[in-house]
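Proteins get letters first, then strands, A, B, ... in listed order; numbering begins at 1 in each. Computed from a prediction, not measured in an experiment: that's the story for all the values here.
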Number of protein chains: 2
Amino acid sequence: MARPRTFDEDRALDAAMRVFWANGYEGTSTQNLCDATGLGRSSIYNTFASKYDLFSRALARYMETMTARQAAILEDTGRPAAERLRELFAVIVADEMTTRQGGHSLGCLTVNTTVELAAHDPGIARMLERDTARRLSLLREVVAAGRREGAFTSPRDPDDLARYLNALIAGLRISAQGGAGRAALEAITEIALDALTR
Amino acid sequence: MARPRTFDEDRALDAAMRVFWANGYEGTSTQNLCDATGLGRSSIYNTFASKYDLFSRALARYMETMTARQAAILEDTGRPAAERLRELFAVIVADEMTTRQGGHSLGCLTVNTTVELAAHDPGIARMLERDTARRLSLLREVVAAGRREGAFTSPRDPDDLARYLNALIAGLRISAQGGAGRAALEAITEIALDALTR
DNA sequence: CCGATTCTGTACCGATCCATCCAAAACCTG
DNA sequence: CAGGTTTTGGATGGATCGGTACAGAATCGG
């Protein structure tokens, strides 16, 4: 029929995602994307409509994989809720430690994009809001489960507790980007749980 | 001697700061800076060495004013520590609600810059680290005072509690940038205090 | 009111921005 | 192996990027 592609679209998307993650949307040039993906400009623009479209799809991919990972941990109803939440924190801290570049982590593409684009781009903002809603739902469920198990004794509204945890996770990412080390991050997560078990 | 300036340098710096705050470093063009300050390119480059230098000074100004405001609240030893901390949260939430543009706040220039530049620019990173150290010190002091007063019963290390509060404040900003409303932000701050009083 | 000095507006610089065009290359079907 | 179709690389597009050059305007000391 026709000449086939010599590259894998998902691999290209992954490479693009990492560049956007490290440099932000404005901070990434189309040349950067060519270098990172190994593709020519033509191949990129033939596959993705624009830099914006490529970013949008990279962000969607990131959110899907990240939130799915978190869902797998938080929805593992075979384990106590408190243990699931601790595991989530441990994974997040581990991620922050492994995406380090010269003393500072890259943080989280979702958080980074919220900072850079949420106020300027309604389309991106809606994507972020959907992802946040999903994570809030996961967190609310694990909080409710922990309460049923008697582990989380806080009388606060589970919705608010979920928002609290979500905010704290974002703050954890910012702290890591600011240079906080593993011990500091772990201490933060320990204290964060105190609010649930008080 | 010579022709005097027709503009106030501090006012120009303020205008530049707001543009960087709203659009980030990469997202702000020199033309944007001319428009916002009302200055011509010559005046800007005659007063500031470069876009980078202008940003650096705008950031320094932001950090100085913001942290000074927070210090004034946290170091007001005439009031109970818990009250001071609540007041800090109230001011932060109020700020986030007033810098809104179309449902999303602009967040905090310090946090935004941490996301955009900390991993790439050692000079900016050091500025941010100094500011963070100063705020951590303020928070540690208020935590220690609250403990002496018997209000904060958490047995955790005051250093860690300060880091926890700092992370939570950043998360509060991110939540606001993501579209969280006043009620949600206030609930988060209430729960955050639970970790200190457990 | 003149000379020295500084500020300011405009034009301009090379580099880079995102995106497109087009011809050559590569593949599948018949 | 020929025709049709898609991909690919390289050249190229106008626009904008950060920054500079330069001439004229504005002010002060004398």
I need the [atom1]-[atom2] distance between [X] and [N], as an integer number of Å.
X       : N      : atom1 : atom2 : value
B:Leu33 : D:dG19 : CG    : C1'   : 13 Å
B:Glu9  : C:dT8  : CD    : C1'   : 16 Å
A:Ile44 : C:dC18 : CD1   : P     : 11 Å
A:Asn32 : C:dA19 : CG    : P     : 14 Å
A:Arg41 : D:dG13 : CZ    : C1'   : 12 Å
A:Leu54 : C:dC17 : CG    : P     : 15 Å
B:Asn46 : D:dA25 : CG    : C1'   : 14 Å
A:Gln31 : D:dA11 : CD    : C1'   : 14 Å

Is the distance from OP1 or OP2 of C:dT20 to the nearest side-chain N or O of A:Tyr45 less than 4.0 Å?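 Checking A:Tyr45 against C:dT20: no side-chain N or O falls below 4.0 Å of OP1 or OP2.
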If you define the side chain from C-beta out and look only at heavy atoms, does anything of [X] sit under 4.5 Å from [Y]?
X        : Y        : result
B:Leu139 : B:Arg135 : yes
A:Asp10  : A:Arg61  : yes
B:Arg134 : B:Glu64  : yes
A:Arg173 : B:Ile174 : no

Run the salt-bridge test on B:Arg84 and B:Glu141 with the 4.0 Å N-O cut-off and return the result as yes or no.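 Salt bridge between B:Arg84 and B:Glu141, a charged N being under 4.0 Å from a carboxylate O: no.
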Under 4.0 Å between any heavy atoms, over every strand shown, what does [X] touch: base, sugar-phosphate, or nothing? Just pick one.
X       : result
B:Phe48 : nothing
A:Thr47 : nothing
A:Tyr52 : nothing

Any donor-acceptor pair under 3.5 Å linking the side-chain atoms of B:Glu96 with those of B:Ser105?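 Per modelled atom types, B:Ser105 and B:Glu96 side chains form a pair under 3.5 Å.
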Could you run through nucleotides 21-30 of chain C and give me one letter per nucleotide, 5' to 3': B if any protein heavy atom sits under 4.0 Å from the base, S if only the sugar-phosphate is that close, - if neither? B---BBBBS-
Using the side-chain heavy atoms of B:Ser29, tell me which of these nucleotides is nearest: C:dC7, D:dG18, C:dA19.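 So the side chain of B:Ser29 is nearest to D:dG18.
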Once rounded to the nearest 0.5 Å, what's the spacing between atom CE of A:Met63 and atom CG of A:Leu109?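 Rounded to the nearest 0.5 Å, the CE-CG separation comes to 8.5 Å.
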